[in-house]
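Below is one structure; the comments refer to it alone.
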Amino acid sequence: MDASEDVIPHIYYLAAAVALLPLFLKMRSIIRARHESLLRVVSLLLIMAFLVLASAAPQSIALINRTTGVANIAAPWVYSLLTAFSACCLLMLIAWRDGTSPAASRAMRSVIAVYSLVIVALWVLFALGDPDVERLRDFDTYYANEPYLREMIMLYIVAHTVADLVNFVLLRSWEHRVRHVDAWLRAGLLLMGAGYITTLGFNGLKLAAVVGRWTGHDLDWLSTQAAPLLGAAGSIVIGAGFLIPHAGQAAHEFWRATLRHRRLLPLYRLLRQHVPAGPSTLVGKPDIHTSLTIREKEIRDSLYILAPYLDHELHHRARRSVLDPGPVLGEALGRRFAPREAEGVAGAVTVVAAIAARAEDPGRGAEWRSPDNLLRDVEAVSRALRHPGIVETVHRDAAARPESTPTAWNDTPAR
């Protein structure tokens, strides 16, 4: 046995494990979103890729043959799985690209019918053939000239090749139709295209090895050594291409929620310490999206408690102090602030002042002032609270400025 052939089983099993890894990593999300049809189909596709790769390893082939007691029965089994995987890819891409339109439904029914017939034909041809000598690695080339088995081998290669070609053409036409898609979908389409090109190489090597047997040439190494590498890589890349758009978008949303959750922490801590809106509603360890929603709600509730103490005029003067600081304050601040930053600092000054006013006279209950403009960009307010020295400096300057003519709460919209 060639030493390189010892690597082939490991490649199959490694690729099978890689195909299944995303399912384990995303198991909680998959269970939570089990009603999403697209995610279910992607999961099925990865499971099919795992079954194909795990079954195609020589040790698995030997186990299947030994368990059933039928020599080489693993061949139609693996070919059927590969054919079903090809059909799943077609169905997935049609559903993904064309949705539930009547044309898409007709195309999907045609794919199911054709590939079901192919699988039945594979088993019929195997039953008609005479595969009495067990071949764990070179079934395709060893039986390339055997009646019925020859047709079975060609049928699965052709069916797989046609599916890959159709998928690649569909992908290319879709890319031309969806120029303005998000980066995750674009990455998924590119990965799938690369995967189909790779599996076309797998089919080409298999076909070349079989034709070599027909013409009296020994090109078995193309089928037993080179093709498995391309087949394993292609299956993984295709599965990753289908998974990337969903997983990537989920990861992006998780990252955005995590950042916002963290950015709101200074304001959340300040309000929880001085103006708690009630006992924390966090139970157990919720996911980041639930935790962010609760944090935003508690911030909003606390700000509404502070509403009677919010000083409209102070907010206006604080924003003017930041946007037009003058030489002394400008030097103390150390830099110029963008309008959104100025709104954040003014909001922070107003919140800190309202907390102090409430502490001095808890029952004052002055005229209620809506905190909606503060709520409009609480992230900027929270970010400003990370620099208490700046907030205090602006507060002193704003308090010393003369009162201005009353204006709307925010004459400079937050950006």
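Keep in mind the model is a prediction, meaning the values are calculated, not measured.
- Within the 3.5 Å criterion, the main-chain N or O of L267 finds a donor-acceptor partner in the side chain of S382.
- Using cut-offs of 30° and 60° for the angle between ring planes, the F139 and Y143 rings count as tilted.
- Of the possible polar contacts, one joining the T199 side chain to the Y196 backbone as a donor-acceptor pair under 3.5 Å is found.
- Of the charged side-chain nitrogens involved, none lies within less than 4.0 Å of a carboxylate oxygen, so that E296 and R300 do not count as a salt-bridged pair.
- Residue-environment remark: CZ (R269) stays at or below the threshold of 12 foreign heavy atoms within 6.0 Å.
- Put simply, the residue from L264, V352, V351 that forms a side chain to side chain contact (heavy atoms under 4.5 Å, CB included) with L385 is V352.
- With hydrogens and angles disregarded, a donor-acceptor distance shorter than 3.5 Å links the side chain of Y115 to the backbone of A159.
- Shown here are the ring-ring contact (aromatic ring centres under 6.0 Å, His included) partners of Y156, two or more places apart in sequence or in another chain: Y79.
- Each of V378, V381, I294 was compared with I299 under the side chain to side chain contact (heavy atoms under 4.5 Å, CB included) criterion, and only V378 meets it.
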Output, in order, the C-alpha distance, side-chain angles, deciding distance and verdict of side-chain hydrogen bond (donor to acceptor under 3.5 Å, both in side chains) for T141 and D138.
CA-CA 6 Å; T141 50; D138 60 350; 4.6 Å; no

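- Judged by distance alone, with hydrogens and angles left aside, the side-chain atoms of T68 form a donor-acceptor pair with the main-chain N or O of I64 at under 3.5 Å.
- A distance-only check finds no donor-acceptor pair linking the side chain of S223 to the backbone of L219 [under 3.5 Å].
- A donor-acceptor distance shorter than 3.5 angstrom exists from the side chain of S302 to the backbone of V275, with no hydrogens or angles considered.
- At distances below 3.5 Å, at least one donor-acceptor pair connects side-chain atoms of N72 with backbone N or O atoms of P131.
- By the 6.0 Å contact criterion, CH2 on W123 is enclosed, its count of non-hydrogen atoms from other residues, nucleotides or ligands being greater than 12.
- Looking at S116, its side chain does come within 3.5 Å of a backbone N or O of I112 through a donor-acceptor pair.
- One finds a salt bridge joining R213 and D220 here, because a Lys/Arg side-chain nitrogen approaches an Asp/Glu carboxylate oxygen to under 4.0 Å.
- Of the possible polar contacts, none joining the T83 side chain to the I119 backbone as a donor-acceptor pair under 3.5 Å is found.
- Going from atom CZ of R295 over to atom CZ of R262 covers 11.5 Å, rounded to the nearest 0.5 Å.
- Residues L303 and L310 are not in side-chain contact: their nearest non-hydrogen atoms beyond the backbone lie 4.5 Å or more apart.
- In this structure, N65 contributes its side chain and I61 its backbone to a donor-acceptor pair below 3.5 Å.
- Here the CG-CD1 distance, from N167 to I197, works out to 12.5 Å after rounding to the nearest 0.5 Å.
- Screening R340, R260, R263 against D377 for a salt bridge (charged side-chain N to carboxylate O under 4.0 Å, His left out) leaves a single residue, R340.
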